[in-house]
Amino acid sequence: MGVSLTKGQNVVLHQDGTPLADVTIGLGWDARPTAGGDFDLDASAIVCGPDHKVISDEHFIFYNNLTSPDGAVRHTGDNLTGDGDGDDEQLLVDLDRLDAPDAKVSQVVFTVSIHDAERRDHSFGQVSDAFIRVVDNLTGREMCRYELSLDAAGETAMVFGALYRRNGEWKFRAIGQGYASGLAGIATDYGVNVG
């Protein structure tokens, strides 16, 4: 088991001193038994440049755009219910490809939003056991995990965490920033054209 992070903490991603090349970002959640009905949470990634804004609209990776233009970030598909143990949705990240000289990537931000939250009257307060984790694809080892607390009860979208490059090393930061404005609010903050 890897490092258990708290909000705001970060960790360098390496295995025995060797930088990781490929990682899986796993996200999971369960609906509280008292919430009633299925919860459709959607994971997404925003690939950002040095200005911390999305590089292009095609660098917003979600269920309708599963792969970044360079193939470095790939969404494995939408889970409509969150049923089952383990990861409910995954994003695969090729860190070597993000390190390419022409990539201009400073960070990849990972979000989760509740689909149709306003109409269904859903919020993160009705979700339990929500987490994000980073897994080394070479060894299958979980490098770190951040479990969301209940301090975002009224929010409908969340920036869970981010992979970012600092001094030539990839790190992961646990963010846990909630949005009452849904995925559109997050996308707008990061410069994605949601019109």
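Each residue takes its place number in the sequence, starting with 1.
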Looking at side-chain heavy atoms only, is the closest gap between Phe110 and Leu163 below 4.5 Å?
-> yes
Closest heavy-atom pair, Thr67 versus Arg74, reported as atoms and distance to 0.1 Å, is CG2-CG, 3.6 Å
Side chains of Arg165 and Asp99: does their closest heavy-atom pair fall under 4.5 Å? yes
Using only atom types and a distance under 3.5 Å, with no angle test, would you say the side chain of Gln107 pairs donor to acceptor with the backbone of Ala162? no
Check: Looking at side-chain heavy atoms only, is the closest gap between Arg133 and Asp87 below 4.5 Å?
Finding: yes
Quiz item: Do Val108 and Ile61 pass the side-chain contact (heavy atoms from CB on, under 4.5 Å) test, and can you show the C-alpha distance, the side-chain angles, and the key distance before you say yes or no?
Solution: CA-CA 10 Å; Val108 182; Ile61 314 307; over 6 Å; no
Looking only at heavy atoms, the pair that brings Thr156 and Gly182 closest together is OG1-N, 3.2 Å
- Query: Can any side-chain N or O of Asn137 pair as donor or acceptor with the backbone N or O of Thr24 at less than 3.5 Å?
  - Reply: yes
inquiry  = Do Tyr164 and Met158 land in one hydrophobic cluster if side-chain heavy atoms of ILVMFWY residues count as linked below 4.5 Å?
reply    = no
**Message:** With heavy-atom distances below 4.5 Å as the criterion, would you say the side chains of Met143 and Leu20 are in contact?
**Reply:** yes
Original post:
Within the side chain of Gln90, is there an N or O that forms a donor-acceptor pair under 3.5 Å with the backbone of Ile25?
Top reply: no
In this structure, CG of Asn10 is separated from SG of Cys144 (nearest 0.5 Å) by 9.5 Å
Honestly curious: do Val11 and Val134 fall in one hydrophobic cluster under the side-chain, below-4.5 Å linking rule? yes
Do the side chains of Trp170 and His14 get nearer than 4.5 Å, heavy atoms only? no
Is there side-chain contact between Val159 and Tyr179, with heavy atoms separated by less than 4.5 Å?
yes
Donor-acceptor contact below 3.5 Å, side chain Lys53 vs main chain Asp189: yes
| request: Report yes or no: does Asn65 contribute a side-chain atom to a donor-acceptor pair with the main-chain N or O of Glu58 at less than 3.5 Å? | output: yes
Note: Gly28 and Asp88 closest approach over all heavy atoms is CA-OD2, 3.3 Å
- prompt: Transitively linked via ILVMFWY side-chain contacts under 4.5 Å: Val23 with Val135?
  reply: no
Exercise. Quick one: do the Asp42 and Ser113 side chains pair a donor with an acceptor below 3.5 Å?
Worked result: no
Value for CG (Leu27) from CD (Glu89), rounded to nearest 0.5 Å, stands at 7.5 Å
For Ala43 and His75 the tightest heavy-atom approach is O-NE2, 3.0 Å
All heavy atoms of Cys48 vs all of Val109, minimum pair found to be SG-CG2, 4.2 Å
Between Lys7 and Gly176, is there a donor-acceptor pair closer than 3.5 Å when you use the side chain of the first and the backbone of the second? yes
Nearest heavy-atom approach of Gly161 to Phe172 is CA-CZ, 3.8 Å
Separation between CZ (Arg166) and OG (Ser106), nearest 0.5 Å, reads 9.5 Å
To the nearest 0.5 Å, atom CD1 of Ile132 lies from atom CD of Glu147 at 12.0 Å
Check: Heavy-atom distance under 4.5 Å between the side chains of Asp22 and Leu138, does that happen here?
Finding: no
Are Val105 and Leu92 linked, directly or through intermediate hydrophobic residues, by side-chain heavy-atom contacts shorter than 4.5 Å (ILVMFWY only)?
no
How about Leu183 and Phe60: do any of their side-chain heavy atoms sit closer than 4.5 Å?
yes
Is there a chain of hydrophobic side chains (I, L, V, M, F, W, Y, each step under 4.5 Å between heavy atoms) that links Ile175 to Phe131? no
